[in-house]
Amino acid sequence: MTYPTFSTDCQSMLCRFLTPEMFEALKDVQTSNGFTLEQAIRSGVDNPDSSIGVYAGDEESYILYAALFDPIIEAYHGFHPTDAHRSDLDPAKLKAPNPDPEGEFILSTRIRVGRNVADLPLGPAITREQRDEVERRVVAGLETLTGDLAGTYYPLTGMSPETQRALIEDHFLFKEGDRFLESAGLNRDWPSGRGIYHNHDKTFLVWVNEEDQMRIISMQPGGDIAEVFRRLVRAIAGIGSQVPFARSAHLGYLTSCPTNLGTAMRASVHIALPKLTEDRERFEAICAKHHLQIRGVHGEHSESEGGVYDISNLRRLGVTEVEAVQDMVDGVVELIAEEKRLRGTA
Ligand code: ADP
Ligand code: CIR
């Protein structure tokens, strides 16, 4: 393989940080799972509109290809290679009274974490047998959950297209055919080994073998962020007691995309701010001040619909889980205050 040619307007972190010298030095380096630099960068090479453009096949990828991953991790999270990651999942420390008790702005709240199984490759380097083993172990762990976390696992294989479409449309299930994941090797053997577990109310859900082996999700209508966080913390503890999670002292929970390292947590609201979002610059400035990311209403790489945006914490590594959620809460409080001011109702 030769150094990829990037278009001059390419904005991805891969384009920014991969130099020809780095490429030459790393192109023949393989991890013990046989994962190569070419595989790590394929998503960003195939998709020049990537924001990041790289994926890891295992923990070793982050070490062997550190010359590429470290600057990306630093640019995204503000986390330096000598920094230490800390975890704090104590809901008592979160200051999150409902920022919208009247239900005027926040449609729903969702907090997810990514998790992978310890001592197995991550999705981009996993074999079909190992992926099936992940599914078996995760589902066995989920089946031990009780109370409001008790639910059912629905494999993607055999799910009717209508059910699948409705689950995606209602924001519960991952979409199919994502080209970024495709190039990363994350859609191999689709739909085998993939599925979704959820409780009766669909307030607790687990995606199995999508971008990460587990996406543990707590969600509900409205803006009671503290309740969503408390449920998530219980769910993580319940699953973690059954399935060992891949984790490193330096990078926290290990994930296939470097943007998810650390807490692997994305805490979001779907929120309508019709006045404020007319002034895109002001809207973006408030989000930037609180380290928030703006996504469309169908998730990453989607557009807003009906003036509803997905607002979430951007930083996941070098901050604790409590701090990541607090970023989102504090930002949402300011966004709502600004919307009210513009409406003249503050
Ligand atoms: P991830 O959350 O894993 O980073 P996406 O950005 O693709 O992945 O979002 C996954 C799904 O979750 C999408 O259907 C998205 O609309 C939905 N979602 C995200 N945040 C919320 C929210 N606050 N309320 C309802 N659905 C949400
Ligand atoms: C991309 O590079 O655009 C995709 N691989 C997704 C990157 C993760 N996005 C993010 O901002 N968290």
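Each ligand, and each atom within it, is numbered from 1 in the order the structure gives.
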- Message: If only side-chain N and O atoms count, and only distance matters, is there a donor-acceptor pair under 3.5 Å linking Q293 with R295?
- Response: yes
- Query: How would you list, by chain and number, every residue that makes a side-chain hydrogen bond (donor to acceptor under 3.5 Å, both in side chains) with E38, sequence neighbours excluded?
  - Reply: R42
- Message: Evaluate C257 for polar contact with ligand 2, using N/O atom pairs at a separation under 3.5 Å.
- Response: no
- Can we say R179 and D46 salt-bridge, meaning some charged N sits less than 4.0 Å from an Asp/Glu carboxylate O? no
- Message: I'd like to check which ligand 2 atoms, numbered from 1 as shown, lie under 4.0 Å from a non-hydrogen atom of R295.
- Response: 10 (C), 12 (N)
- Query: Between N98 and G223, what is the shortest heavy-atom contact and its length?
  - Reply: OD1-O, 3.1 Å
- So, are D132 and R137 salt-bridged, with charged N and O less than 4.0 Å apart? no
- Query: Considering only the protein, which heavy-atom contact is closest to atom 8 (O) of ligand 1, and what is its distance?
  - Reply: R295 NH1, 3.9 Å
- Distance filter under 4.0 Å to I52 heavy atoms, resulting ligand 2 atoms: 1 (C), 2 (O), 3 (O), 7 (C)
- Task: Could you tell me whether K175 and ligand 1 have an N or O pair separated by under 3.5 Å?
- Result: no
- Distance to 0.1 Å, residue and atom name: give those for the protein heavy atom nearest to atom 12 (N) of ligand 2. T259 OG1, 3.2 Å
- Query: If you count the atoms of ligand 2 from 1 in the order shown, which ones are under 4.0 Å from a heavy atom of S50?
  - Reply: 1 (C), 2 (O), 3 (O)
- Query: Does D148 pair with R234 as a salt bridge, N-O distance under 4.0 Å?
  - Reply: yes
- Message: Does ligand 2 come near enough to S43 that some N or O of the ligand is less than 3.5 Å from an N or O of the residue?
- Response: no
- Message: Testing F79, Y76, Y62 one by one against P258 for a side-chain contact (heavy atoms from CB on, under 4.5 Å), which residue passes?
- Response: Y62
- Closest to atom 6 (C) of ligand 2 among protein heavy atoms sits E300 OE2, 3.6 Å
- Message: Under 4.0 Å from a heavy atom of R316: which atoms of ligand 2 are those, numbered in the order shown and with their elements?
- Response: 12 (N)
- Message: Show me which atoms of ligand 2 lie under 4.0 Å from any heavy atom of Q293.
- Response: 10 (C), 11 (O)
- Those atoms of ligand 2 less than 4.0 Å from some heavy atom in Y76: 11 (O), 12 (N)
- Query: At what distance is the nearest protein heavy atom to atom 4 (O) of ligand 1, and which residue and atom is it?
  - Reply: R112 NH2, 2.8 Å
- Polar contact flag for W207 and ligand 1 (N/O pairs, less than 3.5 Å): no
- For G53, the ligand 2 atoms whose distance to one of its heavy atoms is below 4.0 Å: 2 (O)
- Task: Considering the heavy atoms of V297, write down every atom of ligand 1 situated less than 4.0 Å from one of them.
- Result: 16 (O)
- Query: When you measure from atom 1 (C) of ligand 2 to every protein heavy atom, which one gives the shortest distance, and what is it?
  - Reply: S51 N, 3.4 Å
- Task: Please could you name the atoms of ligand 1 that V269 approaches to less than 4.0 Å, counting only its heavy atoms?
- Result: 23 (N)
- Query: Under 3.5 Å between some N or O of ligand 2 and some N or O of D49?
  - Reply: no
- Message: List ligand 1 atoms under 4.0 Å from S268, heavy atoms only on the residue side.
- Response: 19 (C), 20 (N), 21 (C), 22 (C), 23 (N)
- Message: Please evaluate residues S268 and R110 with respect to the criterion side chain to side chain donor-acceptor pair (under 3.5 Å), reporting the C-alpha separation (whole Å), side-chain torsions for both, the decisive distance (0.1 Å), and the verdict.
- Response: CA-CA 5 Å; S268 66; R110 173 182 185 268; 5.0 Å; no
- Query: Using a distance-only test with no angle check, is there a side-chain donor-acceptor pair under 3.5 angstrom linking N187 and R194?
  - Reply: no
- Query: What atoms of ligand 1 come within less than 4.0 Å of a heavy atom belonging to M219?
  - Reply: 25 (C), 26 (N)
- Query: Between E338 and R341, is there a side-chain N and carboxylate O pair less than 4.0 Å apart?
  - Reply: yes
- Task: Quick one: do N260 and R316 satisfy side chain to side chain donor-acceptor pair (under 3.5 Å)? Show the steps, please.
- Result: CA-CA 6 Å; N260 283 320; R316 310 189 220 291; 2.9 Å; yes
- Could you go through the ring pair (Phe, Tyr, Trp, His ring centres under 6.0 Å) check for Y153 and W207 one step at a time? CA-CA 10 Å; Y153 179 66; W207 295 356; over 10 Å; no
- When you look at S192 and D189, which way does the side chain to side chain donor-acceptor pair (under 3.5 Å) test go after all the steps? CA-CA 6 Å; S192 170; D189 312 309; over 6 Å; no
- Message: Taking the side chain as everything from C-beta on, heavy atoms only, tell me whether Y309 gets closer than 4.5 Å to H270.
- Response: no
- Task: Output yes when the distance from some N or O of ligand 1 to some N or O of L173 is under 3.5 Å, and no in every other case.
- Result: no
- Task: Report the nearest protein non-hydrogen atom to atom 5 (N) of ligand 2: residue, atom name, distance rounded to 0.1 Å.
- Result: Y55 OH, 2.7 Å
